[in-house]
Amino acid sequence: MKIGVLALQGAFIEHNKMLARLGVTAVEVRLPQQLAELDGLIIPGGESTTIGKLASAYGLIEPLRQFAAAKPTWGTCAGMIFLAKDIGSQQQPILGSMDITVDRNAFGRQIDSFETDLKIAELGDQPFHAVFIRAPVVTAVETTVDVLARLDDGRIVAVRQRHLLATAFHPELTDDLRLHGYFCGIVKCTLQANR
Ligand code: GLN
């Protein structure tokens, strides 16, 4: 199983380390042709406008769209924004792969970074310690999308749409490997189904 981490900007090194700890080969992706050999892809957090601009410059937008249409892809924070179909009136390149509406920088300036424990049923009873850094939230989902986690106030911060996963926080900045393990499980199932 080979998983790529989009390495244009942002926290890609941290994702690589998490995958390595799970014994998974991680590839830093910067060129469209690298996608062909991958079974899954992580789009890291960082700055979605920069990731979008660089992806356009490197001719990656359409290849990434095609990849996400067929293969497991997980966006964290800026990666979630990049995967969304609707980001409001923002003008920036996005993939539009997931049926979600996302509000960028949803927590404003004052509390633009915080940490909290989330209940994520797919991961078991133990709460997941989530780090939010100038994070987005999901403000609307279509019926094709499953909600995996909400904040105490009900706002949606983790979603899955078949082989696509998106989280508003940064699981690569904690020691908890469970979400990376969960994504690897999606990759494994998809590989088996397509065999
Ligand atoms: N605020 C950033 C954006 O709009 C996302 C922040 C992050 O990825 N930690 O792209």
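Basis for what follows: all heavy atoms, side chains included, without hydrogens, waters or symmetry-related copies. We count residues from 1, following the sequence as given. Start at 1 and go down the list; that is how both ligands and their atoms are numbered. Keep in mind that this is a model prediction, so the values were computed, not measured.
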Original post:
Do Arg178 and Gln126 have side chains that get closer than 4.5 Å, going by heavy atoms?
Top reply: yes

**OP:** For Pro72 and Thr190, work out which heavy atoms get closest and say how close.
**Re:** CG-OG1, 3.4 Å

Original post:
So, does Glu172 use its side chain to make a donor-acceptor pair with the main chain of Phe12 at under 3.5 Å?
Top reply: no

Original post:
Between Phe132 and Phe169, how do the two ring planes meet: parallel, tilted or perpendicular, split at 30° and 60°?
Top reply: tilted

Original post:
Has the side chain of Arg65 got a donor or acceptor atom that lies under 3.5 Å from a matching backbone atom of Leu95?
Top reply: yes

Original post:
Are any of the side-chain nitrogens in Arg160 or Glu122 under 4.0 Å away from the carboxylate oxygens of its partner?
Top reply: no

Subject >> Residues in contact with ligand 1, criterion: heavy atom under 4.0 Å >> reply: Gly45, Gly46, Glu47, Ser48, Cys77, Ala78, Ile81, Arg104, Asn105, Ile133, Arg134, His170

